[in-house]
Structures are given as C-alpha cells and as structure tokens.
Amino acid sequence: MCATLLMEAGSSPGASEEWAAAMEDIRDTVRACMQCGTCTASCPNAHAMDLTPRSMWRMLLMSDVDPSMTDEVLASHTFWMCSACYNCTLRCPRGLELTKAVYGLKRLARALGAPGAVRRGTFYDSFTRNVRSYGRVQEMALMMRYFLARRDPTLPFKFTPMGLKMLAKGKLHTPSSEHKGRLDALFDKVAEIEGRTEERS
Amino acid sequence: MRYAYYPGCSLTESAKEFDVSTRKVMECLGATLEEVPDWTCCGASAVESVSRLLAFALPARNLALAQQDGEDVDMLVPCSACYLNLRRVQEETAHDRDLAADIEEVLDADGLSYNGTVRVRHLLDVLKADFGPSQIAEHVVRPLEGLTVAPYYGCQILRPYRVFDDPETPTSMEPLLKAAGAEIFDWSAGNVCCGASLMATEKEVALVSVARILEAARGADVIATVCPLCQMNLEAYQSEAIRQTGRGKPVTVLYLPQLLGLAMGFTPQDMLLDKGMSMQAVTRNKISHVLNTPRQAAEATV
C-alpha cells in the first residue's frame, strides 16, 4: 500500500530524492493551511474535481502518517483542472501560494508518471516545445503538434468549428521561422541549472 | 509618454486586432510605443507546468531587452498572461535572492542581464493612470451612445498581485468606457475566470466557465476584454458553450481599445472589427448608428 510513486521514482540515483524534495516544497507551501475551504469555494473549476482543493491540501499534509495519500493526490485530476485564475491565492486567509503549489503538483505528477499525467500534461509540453522551436508561439504549429502528441483521433474534431471560424477570419498562419533557435541558449542553461539542483539533493 | 511595447505572441497571431487597436489608440492619445527589439514568448500560463525556472527566465529575457533602452522604462503589455509573467519577475526577484541568481545565470548565457528597473504596466493600468477618462474624452468624436458594454477584466491583471484595481470588484474600465460615451452594464462577472488554457486541455470544463460569463452578460450589447485568451474563449467558443450548457446567449465580444478607437473616430476597418467572430446584428446596427451620427468636433469637447 505504501509503494508510493515517490519511492519508485527515477531511474538515476538521486532522482527520487529530488522529487521527494519537490514534494516537500509543495507541502511547505500549504503547511499553515487551516482547512477553512475558502480555496474550494473560490475555485471556478471545483465542480470538475474529484478531490476538493481543501481536502487535497489536507491529504498532502497527512501523507506523513499515511504515504499512500501522496499517490492518491497525484492520481487525482484536481490540480489538472486549475486554470490559474489565482482566486484561491488571493483569498487564502493564511496567505498561502496555492496556485504555485498546484503548478508544483503538475510538474511532479508528470515527472513521476502518475496516472493520466502524460495525457493531461501533453499540451504544456507541446507549448513549451513550440516556444523553444520558434521563439514566439506559432498557434497553428502548436495545435498540430498537440493533436499528434495526444494520439487521440477524435481530438482535432473538437476544435474543428473553432478552426474553421479562425480560418474564415484569416487568423490561421503558417509558422514564422524568424525567431527560430533564439531561445536555445536560455533553454539549455535552464536545463543545466535544474540538473545541478538534482545532483545537489 | 514613451513605452517599451511588448505585444506578446497572440497579438502577432490570432489577436492582431488587439495589437492594431492598441497601437492606434495609444498613438492618438499622444503616446509613443517602441516595440521591444527581438522579444520572445513570455511562457504564458503553460510553461510553469513544465519548469518553474523557465517560467521566470522567459519573461526575464524580455525585461532585460527592454532595460537596454535606459534606466527608466515603462513596459506596456496588453495581454493579461504576458503581463502577469513579466510582473511576477519584477515582484518575486525583489525578495527571492536564489531565484534572482538563477535568472541572472540563465540570462548571462544569452549575454543579457536584468536589474529590476523596468516597470511592467498593463494596458488598462496605463489608460487609467497615465491618461484617464478626461484625456480619452478629449479625443472622443463619436460617443458610443446607446451601446451597453460589460467590462470584462478576467483574472491575471487582478490576481495574485493587487496593482491598479480591486481584484474582487474591479472598476478601472468603467470611467474609460463612460468617457467613450458607452453605458456600463452592471454585472458581477467581470472578474470570473474564462477557463483560460483549460480550453485546450479540458474543454468541457472551460466551456462551463464561458457559459457562466455569457449567462451573466444577458442584456449587454458588448463584452469588452483586455486579454487575447479571454477574447478567444468568449467569442470563438460561445456557440459551443451555449449548446453544451443551455446557458447564456450570443453576445458581441470586442477588445477595449477597439471600442475606444471607434469613439475616437477610427473606422471599423481601422479597428479590424471584421476580425471578430461574435458580432451580433443588434450590436452591428447600434455601431452603425454611432458611425452615421455626425461627428463632434474634437476641439468642442476639450
């Protein structure tokens, strides 16, 4: 029962410690939570979540006692439903940076291969790759890459009506290569620094 | 007034009309916009799901570029997501030394450095604080009479940082729209989330958010936006949102500077109104009526 994602994490030595530290950061962010539920009440997407934000914070803090709770949180789709509106962060009476914690959970779930994380995180990956490739986001190339990466043949059809509207308004463009490669040095350096942090821990 | 202008990716792609109307309105008000040379993507709200450092380094690069223009730079940003990302670098590096050091190291690899002197300003903040309703009124030649406008602020210009408006009951757009002769639609959905990038990842959930706003906007002629993603979600997906939820009804969604520009005498072509995906007949008629009303002499209103 306690064979947690965190304990199994990583193929290289040190990687599991790295992610355990990331989880500790998230727990530190919500440590002072007093379970008032203002976050849940303020969340525009709470209706689509399996765990409420309030109970998610509680479970993260309780994972000291029951480590399986970490897995349960990472397997939930609660944090994937965040649209970064920052209502919870603004209103939290303890001043906790809850949106930041949610982003941390998204990164952790992807890194640990939590259930559904690959599919739910695909857009963010496609977006980031698009930024690296083109320097400026090229919307049409982004959506094409996203559709391919999701490997869901029905997905493009969900966006067809919108795509046709945009086409009619001259809003679809072939990608511009004008800023291609401009961000390579920056991306490489970020990866290097993040790799170093991993080695330290 | 001079501003370093950061349009952001959307304004060069699907939100061209936001870029064009912003530039024209600012120019009409006497501002000079100088586009940040060689700017790149700010990371939007997506990159932080991949890397936190990258989500700071991407906007920081643009601040470093703008800073090369001098010590006292105001950066004008029309997109809410770009605004928050850029602003966040300014806010967080002021107290997080480790983060600031990491950013500095990343920028150094690109031959750049960031010293925190650039002030990140959203378009709405600039219109409200640097110009204000009186200067806008001075340039109005065609008041938007008979047009009821619902000011829609979205999220990221209001939260998490309280900068130029009350995040719970924002009002900054109202005096500007009144100065343009529009009537303000009284509603409380102006700061309710549109779903943002959930539209790409969890569409059915985002459509509920869009419908919630459309439902609240019943009775308004126009929803005025100040963010390309809010605009996209509210106009391109409105028919789907209404169909899925059975709530709301179709409504015209326009960018704030498009409305101000019309009142300032720019033509619908100047403001790229034809790029809109949500123009309703009733609103088109009201706008035509405004356009056909004889112009006021701008001097007379000064």
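Every chain is numbered from 1, with letters handed out A, B, ... down the list of sequences. What's counted below: heavy atoms across the whole structure, side chains too, no hydrogens, waters or symmetry copies.
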Nearest atoms (heavy-atom pairs only) where [X] meets [Y]:
X	Y	value
C41(B)	F127(A)	SG-CE2, 4.2 Å
S209(B)	N45(A)	OG-OD1, 3.7 Å
C155(B)	C85(A)	SG-CB, 3.3 Å
I193(A)	D102(B)	CD1-O, 3.8 Å
V190(A)	A57(B)	CG2-CB, 4.0 Å
F123(A)	S197(B)	CE2-CB, 4.3 Å

Would you say the side-chain atoms of [X] pair up with the backbone N or O of [Y], donor to acceptor, closer than 3.5 Å?
X	Y	answer
Y103(A)	S45(B)	yes
K189(A)	V106(B)	no
R212(B)	P44(A)	yes
R52(B)	G104(A)	no

With a 4.5 angstrom heavy-atom cut-off, which part of [X] approaches chain B: side chain, backbone, both or neither?
X	answer
H77(A)	neither
Y134(A)	neither
L186(A)	both
N87(A)	both
A84(A)	both
V131(A)	side chain
C82(A)	backbone
E178(A)	neither

Could you check which of [options] has the highest count of heavy-atom pairs closer than 4.5 Å to chain B?
options	result
E192(A), K106(A), K158(A)	K158(A)
H47(A), E139(A), R119(A)	E139(A)
G170(A), A168(A), A191(A), G135(A)	G135(A)

Flag the pair [X] and [Y] as a salt bridge only when some basic side-chain nitrogen lies within less than 4.0 angstrom of an acidic carboxylate oxygen.
X	Y	value
K100(A)	E48(B)	no
E17(B)	K169(A)	no
R91(A)	E168(B)	yes

Under 4.5 Å heavy-atom distance to chain A, tell me which part of [X] shows up: side chain, backbone, both or neither.
X	result
L198(B)	side chain
Q156(B)	side chain
L112(B)	neither
K203(B)	side chain

Inset, instruction - Output the option from L54(B), V47(B), V208(B) having the highest count of non-hydrogen pairs under 4.5 Å with chain A. - result: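 Going by pairs under 4.5 Å, I would pick L54(B).
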
Legend entry - Heavy-atom pairs under 4.5 Å with chain A, option from C194(B), A196(B), A109(B), A81(B) with the top count: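 Of the options given, most contacts go to A109(B).
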
Legend entry - side chain to side chain contact (heavy atoms under 4.5 Å, CB included) between S49(B) and F79(A), intermediate numbers included: CA-CA 11 Å; S49(B) 304; F79(A) 53 92; over 6 Å; no

Just verifying a value: how many Å separate [X] [atom1] and [Y] [atom2], rounded to the nearest 0.5 Å?
X	Y	atom1	atom2	value
T99(A)	R159(B)	OG1	CZ	9.5 Å
S14(B)	M140(A)	OG	CE	12.5 Å
E202(B)	M81(A)	CD	CE	3.5 Å

Inset, instruction - For side chain to side chain contact (heavy atoms under 4.5 Å, CB included), just list the numbers for L58(B) and F187(A), CA-CA rounded to whole Å, side-chain angles, deciding distance to a tenth of an Å, and then say yes or no. - result: CA-CA 9 Å; L58(B) 286 170; F187(A) 271 75; 4.0 Å; yes

[Y] side chain reached by [X] side chain, heavy atoms, under 4.5 Å:
X	Y	value
H179(A)	D38(B)	yes
W39(B)	R136(A)	yes
T201(B)	R120(A)	no

Legend entry - Stepwise side chain to side chain contact (heavy atoms under 4.5 Å, CB included) test for M277(B) and M166(A): CA-CA 8 Å; M277(B) 292 182 266; M166(A) 291 187 53; 4.0 Å; yes

Inset, instruction - Step by step, work out the side chain to side chain contact (heavy atoms under 4.5 Å, CB included) result for K171(A) and M232(B). - result: CA-CA 11 Å; K171(A) 286 182 180 242; M232(B) 175 70 76; 5.6 Å; no

